[in-house]
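Below: one structure, written as structure tokens.
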Amino acid sequence: MARVRDRRSVGSVALRGLLTAVFLVAAVMKFAAVPFEVEGFVRFGYPLWFMDVVGALQLLGAVLLWTPGCVALGAGLLAVLMAGAVGSHLLAGDPVLMPLPALMLLLLLGGVAHARRSELLPSGSDTEMRQA
């Protein structure tokens, strides 16, 4: 049983590490106003200042993925951003493959948030949830 727990723990750390790297790079690209990012925000019809807001939220989410008791919150925040990215691509009429990376990240983040959902509940609710 301890081996299964160890594998889950290693898997969780590895997944959070991968997600953190992705969102740190994405945030830096937005803060640096990389032409690819600027073109995307213009194509979606968003003001350029919104790119800094999204970058700041990505940075915050990446930090929360490593903050004890806030992992689910960070994953949820990043999942909302990825849902917005998927929606933006679809509304802009982008080809179906364009929103796939954001959709994959959304699914991974949803899994992390679900796995750590007990962090979002009051401490007494954790026991009630396990009994249900």
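Positions are given from 1, in the same order as the sequence printed here.
- Hydrophobic cluster membership differs between V22 and F31, with clusters built from Ile, Leu, Val, Met, Phe, Trp and Tyr side chains linked at under 4.5 angstrom.
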> Would L90 and V86 count as a side-chain contact (heavy atoms from CB on, under 4.5 Å) if you check the C-alpha gap in whole Å, the side-chain angles of each, and the deciding distance to 0.1 Å?
Replying inline: CA-CA 6 Å; L90 295 175; V86 169; 4.0 Å; yes
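- Considering CD of E39 and CZ of F44, their distance stands at 11.5 Å, rounded to 0.5 Å.
- Residue R116 comes nearest to S12 through the heavy atom pair NH1-OG, 4.1 Å, listed as atom of the first residue, atom of the second, then distance.
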>> For F23 and L57: C-alpha separation, side-chain torsions, deciding distance, then whether side-chain contact (heavy atoms from CB on, under 4.5 Å) applies.
In response: CA-CA 10 Å; F23 286 103; L57 291 172; over 6 Å; no
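- Put simply, V53 and L73 are part of the same group of oily side chains (I, L, V, M, F, W, Y) that touch within less than 4.5 Å, one to the next.
- Going from atom OG of S88 over to atom CE of M98 covers 11.5 Å, rounded to the nearest 0.5 Å.
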> For V38 and L48, what are the C-alpha separation, side-chain angles and deciding distance, and is it a side-chain contact (heavy atoms from CB on, under 4.5 Å)?
Replying inline: CA-CA 7 Å; V38 173; L48 291 182; 4.0 Å; yes
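- A donor-acceptor distance shorter than 3.5 angstrom exists from the side chain of E119 to the backbone of V71, with no hydrogens or angles considered.
- Atom-to-atom distance recorded for M51:CE and M29:CE is 10.0 Å, nearest 0.5 angstrom.
- Residues L64 and L60 have side chains in contact (heavy-atom distance under 4.5 Å, counting atoms from C-beta outward).
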>> Run the side-chain contact (heavy atoms from CB on, under 4.5 Å) test on Y46 and V54 for me, step by step, so that the C-alpha distance in whole Å, both residues' side-chain angles and the decisive distance to 0.1 Å come before the verdict.
In response: CA-CA 11 Å; Y46 298 137; V54 172; over 6 Å; no
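- Proximity of L106 to L103: side-chain heavy atoms (C-beta onward) are separated by under 4.5 Å at one or more points.
- Distance check: L77 CG to L81 CG gives 5.0 Å after rounding to the nearest 0.5 Å.
- Residues passing the side chain to side chain contact (heavy atoms under 4.5 Å, CB included) test with L15, sequence neighbours excluded: L19, L108, V112.
- F41 and L91 are not part of a single hydrophobic cluster, where members link through side-chain heavy atoms under 4.5 Å apart.
- In the hydrophobic clustering of this structure, V25 does not group with W66; members are Ile, Leu, Val, Met, Phe, Trp, Tyr whose side-chain heavy atoms approach within less than 4.5 Å, directly or through other members.
- Across every non-hydrogen atom of P99 and P95, the tightest pair is CD-O, 3.3 Å.
- The cluster map of Ile, Leu, Val, Met, Phe, Trp and Tyr, joined by side-chain heavy atoms under 4.5 Å apart, puts M82 and L100 in the same cluster.
- One distance of note links CG of L65 with OG1 of T20; it measures 4.5 Å at 0.5 Å rounding.
- Applying the side chain to side chain donor-acceptor pair (under 3.5 Å) test to pairs two or more places apart or on separate chains, those with a residue in residues 89-110 are R43-D94, H89-D94.
- For the atom pair CD of Q58 and CG of L24, the computed distance is 9.5 Å after rounding to the nearest 0.5 Å.
- Of all the heavy atoms in G76 and A113, the pair that sits closest is N-CB, 4.3 Å.
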